[in-house]
Amino acid sequence: MKISIQINEGPYQHQASDSAYQFTKAAIAKGHEIFRVFFYHDGVDNASRFTVPPQDDRHIVNKWAELGIKNADGSDVELVVCVAAALRRGMLDESEASKNGIDGNNIHPAFRISGLGQLIEAGIQSDRLVVFGD
Amino acid sequence: MKISIQINEGPYQHQASDSAYQFTKAAIAKGHEIFRVFFYHDGVDNASRFTVPPQDDRHIVNKWAELGIKNADGSDVELVVCVAAALRRGMLDESEASKNGIDGNNIHPAFRISGLGQLIEAGIQSDRLVVFGD
Amino acid sequence: MSTKKFIYLNRKAPYGTVYALESLEVVLIAAAFEQDVSLAFIDDGVYQIIKGQNTDGIGMKNFSKTYHALGDYDVNKIYVSAESLEERGLSVDDLMPLTYEDEDDDWAEKTSIKIISNVQLTKIMSEQDVCLSF
Amino acid sequence: MSTKKFIYLNRKAPYGTVYALESLEVVLIAAAFEQDVSLAFIDDGVYQIIKGQNTDGIGMKNFSKTYHALGDYDVNKIYVSAESLEERGLSVDDLMPLTYEDEDDDWAEKTSIKIISNVQLTKIMSEQDVCLSF
Amino acid sequence: MLHIVNKSSFERNSLKSCLNTIDDTSIILLIEDGVISAANNVNSYMLADLAADSRVFALQEDIDARGISSKVADNIKLVDYAGFVDLVVEQGTAVSWV
Amino acid sequence: MLHIVNKSSFERNSLKSCLNTIDDTSIILLIEDGVISAANNVNSYMLADLAADSRVFALQEDIDARGISSKVADNIKLVDYAGFVDLVVEQGTAVSWV
């Protein structure tokens, strides 16, 4: 089955991102396709490549970026960050940074900034959309 | 009177930072001294110089950094970001970035990263400590 | 693209958290996708569409007028929980008049708001393909 | 530095949000400042010090053992709400045995936990200089 | 002591918990979504008792934002941010029921 | 329909709101702090009725994390993350009461 995920909260403050990650891993292990993970609201903060958790704690950003996020057919799971939510929370990729005259960027390369339409499209294209939030 | 403020939530998602800002402005207008504003939990995200809100919306980070945050005697209001909370949420100044091998930093220069001891010290040195959170 | 039934559940008061605003942003984008869209205001979500909101004092953007645009985007199935209104001592007269022009009835202006019971809401929800709650 | 009375109110369950963990981090730092420190566990905060927490399945750090360090830091006024325990069907036997060594009594090991009523909590709170709630 | 409540009593238990620890000298201030509890038909019996005793305040700016100024119960005292500051100064230790 | 509740019913109104919209085919899954409502003495009458009808599930991993595995009411059905995925697949549209 084709499943998409929406994550509404940032890493560490709420369990949302951890739960979504465990769910995503379990879904892929069962052979389902994760069509898209859409990061909205404070969820955009899960995409920061500046994140430095304590050594004895999990690295949520890297877990999303590196581990187990390939579908059974080997395709990548799309990690999409809402651009409007990201900008007002200081999450920028190179293109948005240069557009807005900011000398730096912090979106991890495994994530992609895009519009809210990608969430709606995920709802349309997927058999299920599961939301994780506060 | 000497007052300190603790802010536990990031900008835009919760009203905490807005309320704290309005409170701080009003306290200064009344001649009180704001000893320290301490950003903890997701509150550290209020210090991001990457923040780009929509044109018709308030710029919370700049409001803290630039407007009305001088005490009646002309001294700056200290804006302190908890280092432990900041690192796990991808908020870095130059020094923390280089210590952790990250090629970039996003703390606005009006804010200063420091330890949790600064919160306790604020509690000891101030007549009041007011918390704004979720 | 196929057509699906989307419902947006708005459960939180405006301004205290960003969910009301960012939910509205989703709905307006969603309208462009020509899906079957419903909005439900339940619990404290009913405060999102109350008349006479004035945010001058809190320094935040008053986005309540944007709800009037929903009709122009053909979003005219707006459900409000009777039980939620009643618990809060509110009636339909306290709500902003949200309307649309009915193209099947010589563009007559009609109300988009329908006050529904929990039983009706249950039935409406059970018919949806995608349910996003904010 | 002068001595003040600090109380930390812990009201949230662990893991669902970070408040429990980051509150514990504050308390441990605070201990170094030799202030008069009390901790109160009320509402869902009582789950923070329940026995037998096992976080292997959720992929988060189990920090519950750190509460045992409180005694070593001379934090031994740990209040737990009787009403909150009772509402949740819990008793003191469900809690981790948090102890300290009493230097005035030949270093005898004693319990730090005191079960208190709302009336007692009200009195304790009214005697504090600083109250931080998490 | 000043008790600050920033959540709607419909959504969270924070006002209820706060009311458990009120003594004769405590004052409650409702801010942010907490002002919803200042509305007429909303406030609990216990809050109403305190309000009758002039010990419940609500932040005008947050009431205005939520469009409920005409709904506020008569005996709730309204303050602006300057009044909020005064309450913090006058009432001793502040506790925020976040 | 699958109703996902992730908050303690002591802290928030989300379980209560969810219960208002349950029909004969609805299933409830408790995750994160929501598992607190799976404990013996905690769950509401209405949740107990649904549980008796085998329609209330709780996530084992979240129960273990909170140290309440011995407290869970008998008729609550436990699932792991794989079981969570199965419920999403089998039960149609999912709604998260965040």
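Just so it is clear: chains get the letters A, B, ... in the order the sequence lines come, proteins before strands, and each one is counted from 1.
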Atom pairs and distances, side-chain donor-acceptor, residues 71-80 of chain D, under 3.5 Å, sequence neighbours left out:
{"from": "D:Lys77", "atom 1": "NZ", "to": "D:Asp36", "atom 2": "OD1", "distance (Å)": "2.4"}
{"from": "D:Lys77", "atom 1": "NZ", "to": "D:Asp36", "atom 2": "OD2", "distance (Å)": "3.3"}

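A:Gln13 touches chain D through backbone and side chain together, each having a heavy atom under 4.5 Å away. Both the backbone and the side chain of A:Asp56 come within contact range of chain D, judged by heavy atoms closer than 4.5 Å.
Counted within 6.0 Å of NZ on A:Lys2, heavy atoms from surrounding residues, nucleotides or ligands total more than 12; the atom is thus considered enclosed. Crowding of D:Lys51 atom NZ: a count of heavy atoms from other residues, nucleotides or ligands under 6.0 Å exceeding 12. Surrounding CD of D:Glu101 are more than 12 heavy atoms belonging to other residues, nucleotides or ligands, all under 6.0 Å away.
Atom CD1 of D:Ile58 is separated from atom CZ of A:Arg58 by 7.5 Å, given to the nearest 0.5 angstrom. Note: A:Asp57 CG to D:Leu21 CG = 7.5 Å, rounded to the nearest 0.5 Å.
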